[in-house]
Amino acid sequence: SKKKGLSFEEKRARMMEIFFETKDVFQLKDLEKIAPKEKGITSMSVKEILQSLVDDGMVDTDRIGTSNYFWAFPSKALHARKRKLEELESQFGESSQKKETLQKSIEKSKIGREDTAERAALLEELATLRQKKEQLKTEIDKYRECDPDVVEEMRQTNQVAKEAANRWTDNIFSVKSWAKRKFGFEESRIDKGFGIPEDLDYID
């Protein structure tokens, strides 16, 4: 059967073994020769694996002259793992505390909400009252025209409309008088020509 290739994490672990076992400093070209031979890591993937370890702070690197050098000592890795463990333990502690606080809040919020016959009756009464409230609101909206404020608003609106209508009626009478004097037209002829009702009059 075909041999299964190494996973990305397995390659990273094996690359770290090279540094820990030799406790030496390497250039990229050195690792590209050593890794395939000793750890089964293809030379083409060495650069990517190495960069990921550098990015994670597991491998140190420095440029000397025109060359880049890489190294990693077990003591540093131990400290890095210890720091990571402390960080995770701290996060776990915070999460546990948060979970406990939330659990207490949940328990507290459940008080008075137990599924009892009394609570069920109260919820049913609440639903009935809400329905009643909506019905009353509908009734109130129906009789809104009887509201004193609404009636007053309508009265003022009507007054403004009435004054405007009388102003236009006055203007029409003035124009009719002017036309009769100027051209000697009869009033009935003016009314007919301009579509003015014969019973046009001021609004009381």
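Keep in mind the model is a prediction, meaning the values are calculated, not measured. Side-chain atoms are counted along with the backbone in the values below, which use heavy atoms only and exclude waters and symmetry mates. Positions are given from 1 along the sequence.
V25 and I64 fall within a single hydrophobic cluster, where Ile, Leu, Val, Met, Phe, Trp and Tyr are joined by side-chain heavy atoms under 4.5 Å apart, directly or via other members. Hydrophobic clustering (side-chain heavy atoms under 4.5 Å, transitive across Ile, Leu, Val, Met, Phe, Trp, Tyr) keeps I196 apart from V175. L31 and M44 fall into different hydrophobic clusters, where Ile, Leu, Val, Met, Phe, Trp and Tyr residues are linked whenever their side-chain heavy atoms come under 4.5 Å apart, directly or through other members.
Between G40 and L6, the shortest heavy-atom contact is O-CD1, 3.5 Å. Here the closest non-hydrogen pair linking S43 and P36 is N-CG, 3.7 Å. Residues T22 and I18 share a closest heavy-atom pair of OG1-O, 2.6 Å. Of all heavy-atom pairs spanning K39 and E17, the tightest one is NZ-OE1, 2.8 Å.
Annotation: Q135, atom CD; neighbour count of heavy atoms from other residues, nucleotides and ligands within 6.0 Å is above 12. For E186, the CD atom sits in a loose shell: 12 or fewer heavy atoms of surrounding residues, nucleotides or ligands are nearer than 6.0 Å. Other residues, nucleotides and ligands contribute over 12 non-hydrogen atoms within 6.0 Å of the CZ atom of F8.
Residues forming a side-chain contact (heavy atoms from CB on, under 4.5 Å) with K180 (at least two apart in sequence, or on another chain): E187, I190.
With rounding to the nearest 0.5 angstrom, the CD atom of E100 is 10.5 Å from the CG atom of L102. Separating the CG atom in D55 from the CD atom in Q51 is a distance of 4.5 Å, to the nearest 0.5 Å. Considering CH2 of W71 and OG1 of T61, their distance stands at 6.5 Å, rounded to 0.5 Å. For the atom pair OG1 of T42 and NZ of K11, the computed distance is 4.5 Å after rounding to the nearest 0.5 Å. The distance from the CD atom of Q91 to the NZ atom of K98 is 12.0 Å, given to the nearest 0.5 Å. Interatomic distance, CE of M15 versus CZ of F20, reported as 12.5 Å (0.5 Å rounding).
A donor-acceptor pair under 3.5 Å links the side-chain atoms of S96 to the main chain of F92, judged by distance alone.
Counting heavy atoms from C-beta outward, L50 and V59 have side chains that approach closer than 4.5 Å. The shortest distance between side-chain heavy atoms of Y202 and D170 falls below 4.5 Å. With a 4.5 Å cut-off on side-chain heavy atoms, R181 and S177 count as touching.
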Next on the checklist: Could you walk me through whether R12 and E9 satisfy the salt bridge (charged side-chain N to carboxylate O under 4.0 Å, His left out) test, starting with their C-alpha distance in whole Å, then the side-chain angles of each, then the deciding distance to 0.1 Å, before giving a yes or no?
Outcome noted: CA-CA 5 Å; R12 278 165 55 95; E9 283 306 318; 3.4 Å; yes
When the side chains of residues 124-134 are checked against the rest of the protein, which donor-acceptor pairs come out under 3.5 Å, sequence neighbours left out?
from: T128; atom 1: OG1; to: E124; atom 2: O; distance (Å): 2.9

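Sorted by first and then second residue, the side chain to side chain donor-acceptor pair (under 3.5 Å) pairs involving residues 26-37 (not counting sequence neighbours) are Q27-S67.
Between F19 and F70, the ring centre distance reaches or exceeds 6.0 Å.
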